[in-house]
Amino acid sequence: MAREYPMEKVRNIGIMAHIDAGKTTCTERILYYTGRKHKLGEVHDGEATMDFMEQEQERGITITSAATTADWRGHQVNIIDTPGHVDFTVEVERSLRVLDGVIGLFCGVGGVEAQSETVWRQAEKYEVPRIAFVNKMDRAGADFYSVVKEIENELGANSVPVTLPIGQGEDFQGIVDLIKNCAVYYEESSKGLEYYETEIPENMKDEVDGWRRQMVERVSETDETLLEKFCADEEISEEELRMAIRKATHAHAVCPVLCGSAFKNKGVQRLLDAVVDYLPSPVDLPPVSGSCLEGEQLERYPSDEGPVAGLAFKVMTDQHVGKLVFVRIYSGTLKAGTYIYNSTKKKRQRVGRILRMHAKHQEMVDELHTGEIGAVVGFRDTVTGDTICSEEEPIVLEAIEFPTPVLSVAIRPPSRHEQEKLSEALVKLSDEDPTFTVTREEETEDTIISGMGELHLEVLLQRLQHDFKVYAETSDPQVAYRETITGPVEVNEKLVKQSGGRGQYAHVIMKLEPLNNGEGFNFENNVRGGAVPKEYVPAVETGCIDAMAKGPWAGYPVVDVQVQLLDGSSHDVDSSEKAFHRCAYDAFRKGFMKDNPELLEPVMEVNVTTPEDYAGTITGDLCGRRGRILGMDSRGNYQVIKAMVPLANMFGYASELRNTTQGRASFMMHLGAYEAVPYTIAEEIVAERKRKLEKEKAEAES
């Protein structure tokens, strides 16, 4: 089947921003103006197309990224609307991995907020070209020019406005298009569907001339031909400007900035024009790189005739069709009913149905071509980050990195016979969300679920009830503590067991040393002369790793330790891998406790945005939670307080902040680092942990 749109007329874009910047409202307008839907759905009414989950409609926020397709000026625009809340940052991460361009949305009042910076850095990590849209220009306190400066100063982008607002706040009337050098006004009666271009208001002409000259100058710096024309004061055409901005945007040399109000139906069509004019198509980007199964580097160029290569970037469970795997095709054509190779799992899989998604609605297609995004039914063993490719020409694409969960909860079914039902539901949820992990505590037989924050786990627990009809009991959230050592220590451990016949003998001398925060584990074999035979050295390393899984002090994982195997001895008959594994396990635990062990806790970067009246109260409260205030910034009548606070002291903070400020303050937090717990507090945590483990062990035995 021939493709509907040429590859150069395909745009794969995402919309990313801080929570409540207006991403979903903007997407609703895009769907309306492109004719994809004929009625505007509002977030506050629970009728937004892209927020189709019940939890999204209840809370008025986006929780999961939703995909849709629209047509603008003969181009296929594939859009992914991503969440703005930090607990669901996984959705942004995996979307950016497969997108060709991004719209960074900023609130005209809030400007560059905490999560705005996070998602911008994520886009930089994947080298995704960006354009910016300053939304909510109709809001009191909106300041387009201040936001443009923030984008430049705080994000390091070469921000180049291509539209300007006509008025701000209550006086916002329309926009000035600097490329066409005209004013644009929108008809309220048609909900912005109709607009007209006219002369720039007289009182803005000098200002517009200055901004237009600055735009031309900055763009000319990236293009030699334009620079010559600019220096010679020659006329530069609209088309030349657009092409130069497009080229510079792809090279990350400039970031075009537009403005408008999605809610008031102003400026969205110019944003769509910018998507088509400035963001890349699949053919504008370098070939995707990966490796063959032997490790050699390979490339795949965008071509429908090439070998199939695609990346699974999202898994979703649908009540009607089962497991849906979202894929982006980088090369070749994926056809329904054929077989494809999962090179990550090294398994052959059948391509069942192929669906083009429009939020929760599905449109069946026969093929997915290069540069297209769709969902596949039938990939039973495929998870997020897997590569699908031609079996004859396999390739493994770079996987997606995800942040580590920081908050854990013990979960139990109401009765034992529902354990299997709970386990199946948790497996499906963890398949969908790589930042949601499920582990099993062997001693307590508890199922532990971990996520990115309170809201993340709350939503997943609601989904257990709503989507899977599983009702589970949970304990209070548990912090994911870690254990480490503070100084070097040597340990000499010997295992000698004789019980008639072949015994067990192993002898190791090891040195344990602390590593820097975040370095994990390192093992060095410094044995000389074969005192410990080479075939037993891997068993020594795995013995240490197994000992680290449940720390000797309080049973938390051990991190940031280096082990040097210095010496030892063996027996010709009684030594074995099992003996050296056990000996190293015991040696590590004894050596660890000989040193002064240290408990580490996750410390969160917290940003609180509050009216000035409450700044003192909030600062005092954060300090009372063992927080360190890093600084305060003014934004209009608001203060942004930045602090580092232990996660253990942040439970329930959302409701307390809401009560303290009458709902006028908001906060965002994400993992900053693991830091040492003060010794007196650490002793209490360790003692409580041991009491709990002993109690649960006794209950299990009874």
Is there a donor-acceptor pair closer than 3.5 Å between any side-chain N or O of [X] and the backbone N or O of [Y]?
{"X": "Thr370", "Y": "Pro302", "value": "no"}
{"X": "Ser343", "Y": "Lys346", "value": "no"}
{"X": "His252", "Y": "Glu124", "value": "no"}
{"X": "Gln269", "Y": "Gly192", "value": "yes"}
{"X": "Arg11", "Y": "Val276", "value": "yes"}
{"X": "Thr25", "Y": "Gly22", "value": "no"}
{"X": "Asn12", "Y": "Leu99", "value": "no"}
{"X": "Ser331", "Y": "Ala309", "value": "no"}

### Task
Go through the steps to decide whether Arg3 and Val10 satisfy the test side-chain contact (heavy atoms from CB on, under 4.5 Å), and finish with yes or no.
CA-CA 11 Å; Arg3 61 186 304 149; Val10 173; 3.8 Å; yes
### Message
Just to verify, what does Arg242 make a salt bridge (charged side-chain N to carboxylate O under 4.0 Å, His left out) with, not counting sequence neighbours?
### Response
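With sequence neighbours excluded, Arg242 shows a salt bridge (charged side-chain N to carboxylate O under 4.0 Å, His left out) to Glu238, Asp277, given in chain and number order.
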Restricting to non-hydrogen atoms, name the atom on [X] and the atom on [Y] that form the minimum distance, rounded to 0.1 Å.
{"X": "Ile245", "Y": "Val254", "value": "O-CG2, 4.2 Å"}
{"X": "Gly352", "Y": "Ala336", "value": "O-CB, 3.4 Å"}
{"X": "Ser289", "Y": "Leu397", "value": "O-CD2, 3.8 Å"}
{"X": "Ala274", "Y": "Ile131", "value": "CB-CD1, 3.9 Å"}
{"X": "Glu393", "Y": "Pro307", "value": "OE1-CG, 3.8 Å"}
{"X": "Leu422", "Y": "Ala472", "value": "CD1-CB, 4.3 Å"}

### Task
For Leu96 and Val102, run side-chain contact (heavy atoms from CB on, under 4.5 Å): C-alpha distance rounded to whole Å, both residues' side-chain angles, the deciding distance at 0.1 Å, then the answer.
CA-CA 8 Å; Leu96 285 171; Val102 162; 3.3 Å; yes
### Task
Tell me, please, whether Tyr330 has Arg328 positioned over its six-membered ring: NZ or CZ under 6.0 Å from the ring centre and within 45 degrees of its axis?
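Judged by the rule, Arg328 and Tyr330 form a cation-pi pair.
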#### Entry: Lys NZ or Arg CZ of Arg348 over Tyr341 ring: under 6.0 Å, within 45°
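So Arg348 doesn't make the cation-pi contact.
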### Message
Applying the side chain to side chain contact (heavy atoms under 4.5 Å, CB included) criterion to Phe133, which one of Val275, Leu105, Val257 satisfies it?
### Response
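Exactly one pass, corresponding to Leu105.
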May I ask you to test the [X]-[Y] pair for a side-chain heavy-atom distance under 4.5 Å?
{"X": "Arg130", "Y": "Trp120", "answer": "yes"}
{"X": "Leu193", "Y": "Tyr33", "answer": "yes"}
{"X": "Ile151", "Y": "Phe106", "answer": "yes"}
{"X": "Val128", "Y": "Arg97", "answer": "no"}
{"X": "Phe379", "Y": "Ile388", "answer": "yes"}
{"X": "Glu458", "Y": "Leu461", "answer": "no"}
{"X": "Gln419", "Y": "Arg412", "answer": "no"}
{"X": "Ile80", "Y": "Phe313", "answer": "yes"}

### Query
In terms of ring plane angle, is the pair Phe436 and His456 parallel, tilted or perpendicular, where the classes change at 30° and 60°?
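The arrangement is perpendicular - the two ring planes meet at more than 60°.
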Crowded around [X] [atom1]? As in, over 12 foreign heavy atoms under 6.0 Å?
{"X": "Lys345", "atom1": "NZ", "value": "yes"}
{"X": "Lys469", "atom1": "NZ", "value": "yes"}
{"X": "Glu420", "atom1": "CD", "value": "no"}
{"X": "Glu398", "atom1": "CD", "value": "no"}
{"X": "Lys347", "atom1": "NZ", "value": "no"}
{"X": "Arg73", "atom1": "CZ", "value": "yes"}
{"X": "Met7", "atom1": "CE", "value": "yes"}

### Task
Give me the one residue out of Lys323, Lys314, Arg463 that meets side-chain hydrogen bond (donor to acceptor under 3.5 Å, both in side chains) with Glu432.
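Passing option: Arg463.
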Value rounded to 0.5 Å, distance of [atom1] in [X] from [atom2] in [Y]:
{"X": "Thr387", "Y": "Leu311", "atom1": "OG1", "atom2": "CG", "answer": "5.5 Å"}
{"X": "Leu464", "Y": "Leu426", "atom1": "CG", "atom2": "CG", "answer": "5.5 Å"}
{"X": "Lys191", "Y": "Tyr32", "atom1": "NZ", "atom2": "OH", "answer": "5.5 Å"}
{"X": "Glu418", "Y": "Glu424", "atom1": "CD", "atom2": "CD", "answer": "12.0 Å"}
{"X": "Asp284", "Y": "Asp100", "atom1": "CG", "atom2": "CG", "answer": "8.5 Å"}
{"X": "Lys23", "Y": "Met16", "atom1": "NZ", "atom2": "CE", "answer": "10.5 Å"}

### Verdict with supporting geometry, Tyr278 and Asp273, side-chain hydrogen bond (donor to acceptor under 3.5 Å, both in side chains)
CA-CA 8 Å; Tyr278 307 137; Asp273 287 337; over 6 Å; no
### Message
As a quick check of understanding, evaluate side-chain contact (heavy atoms from CB on, under 4.5 Å) for Leu334 and Val376, giving each step before the final call.
### Response
CA-CA 10 Å; Leu334 186 70; Val376 181; 3.9 Å; yes
### Query
What residues, two or more places apart in sequence or in another chain, satisfy ring-ring contact (aromatic ring centres under 6.0 Å, His included) together with Tyr186?
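So Tyr186 forms a ring-ring contact (aromatic ring centres under 6.0 Å, His included) with Tyr195.
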#### Entry: Full working for side-chain contact (heavy atoms from CB on, under 4.5 Å) between Leu368 and Thr333
CA-CA 6 Å; Leu368 278 182; Thr333 302; over 6 Å; no
Are [X] and [Y] linked by a side-chain donor-acceptor pair shorter than 3.5 Å?
{"X": "Asn265", "Y": "Arg29", "answer": "yes"}
{"X": "Gln349", "Y": "Thr382", "answer": "yes"}
{"X": "His369", "Y": "Glu367", "answer": "yes"}

